[in-house]
Amino acid sequence: MSGPSSMRTPLERVRGLGSAHTGTSDFWRQRLTAVAMTLLIVPVLVVILMLIGRNHAGAAQILGSIPIAIILLLFIVASTWHMKIGMQIVIEDYVHSEKVKLACVMANNFFCVAVALASIYAILKLSSGV
Amino acid sequence: MYFGTLLLAWWLIAAASGPTAYANVQAFTGSIIGKLILFGYTWALLHHLVSGMRYFVWDLGYGFKANEREALTWGALIAGISLTVLVWIIAYAVGGGR
């Protein structure tokens, strides 16, 4: 089918494969979010260090400022996405019962989306100052 | 990594909720147990970061020889610990231990 005489390219042969049947898209997104977080880690650590020792009012003011809110939003999107893919790969590799696997993948999605949206909501609330 | 993000989410939600909730987070992060967990999370995060950087090297087609893989792995371990200690030194320097 895909012997030496095949005209299909290597990319075409891997598209749609993998245990999630989505081929290489997870691989690419995992690298994309990894590079994003590698760039974001220093600003994020600086933000966290800025908050040490401050009371609620001071912390809320810093977290609600525009550049800091944007840095944290980018980091939250990248990190929750990265962790969703990473955990799903572990589940798909090690959970062999199809039903349990389905439940685990679903729970993983719920968890990651919940963490992401709760954090995003908190930052937006701090930014709007209410 | 996975459950450490819960700490981050808890902290952000508390900051959005108000002074009482935020004081609870600060009481936790100020306690010995809280500090130990945070220190562990800092190390886990930074080790994952530098360890993950090995994949950038491999994706670019370098570092596949046995001695290179060894060096990258040891480098990641040492860099992760060094960075964690560095972050906590800075944390104590700016915050006086919260």
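Proteins come first, then strands; the chains are lettered A, B, ... in the order of their sequence lines, and each starts at number 1.
No other option in B/V25, B/L49, B/T42 has as many heavy-atom pairs under 4.5 Å with chain A as B/L49. Taking B/A15, B/A9, B/A21 one by one and counting their heavy-atom pairs under 4.5 Å with chain A, the maximum is reached by B/A15. The greatest number of non-hydrogen atom pairs below 4.5 Å with chain A, out of B/D59, B/I90, B/T20, is found for B/D59.
Here the side chain of B/Q26 pairs a donor or acceptor atom with the backbone of A/R54 at under 3.5 angstrom.
Atom CG of A/N55 and atom OH of B/Y22 lie 8.5 Å apart (nearest 0.5 Å). Here the straight-line distance linking atom CG of B/L8 with atom CG of A/L72 works out to 7.5 Å at 0.5 Å rounding. Residue A/I76 holds its CD1 atom at 10.0 Å from OG1 of B/T5, rounded to the nearest 0.5 Å.
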Report, one line per pair, each donor and acceptor closer than 3.5 Å where one atom sits in a side chain of residues 72-81 of chain B; sequence neighbours left out.
residue, atom, partner, partner atom, Å
B/T73, OG1, B/R54, NH1, 2.9
B/T73, OG1, B/R69, O, 2.9

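Annotation: B/H48, atom NE2; neighbour count of heavy atoms from other residues, nucleotides and ligands within 6.0 Å does not exceed 12. Enclosure of atom OH in A/Y121 is not indicated, since only 12 or fewer non-hydrogen atoms of other residues, nucleotides or ligands lie within 6.0 angstrom.
Note on ring orientation: taking the six-membered ring where Trp is involved, the planes of A/F111 and B/Y2 are parallel (angle under 30°, cut-offs 30° and 60°).
Residues passing the ring pair (Phe, Tyr, Trp, His ring centres under 6.0 Å) test with B/Y55 are B/W58, sequence neighbours excluded.
Residues A/L49 and B/V85 fall into different hydrophobic clusters, defined by Ile, Leu, Val, Met, Phe, Trp and Tyr side chains chained together at heavy-atom separations under 4.5 Å. A/M83 and A/I123 fall into different hydrophobic clusters, where Ile, Leu, Val, Met, Phe, Trp and Tyr residues are linked whenever their side-chain heavy atoms come under 4.5 Å apart, directly or through other members. Transitive grouping of hydrophobic side chains (ILVMFWY, heavy atoms separated by less than 4.5 Å) brings A/V35 and A/M37 into a common cluster.
Using a 4.5 Å cut-off between heavy atoms, B/I13 touches chain A through backbone and side chain atoms alike. With a 4.5 angstrom heavy-atom cutoff, B/W10 does not touch chain A via any of its atoms.
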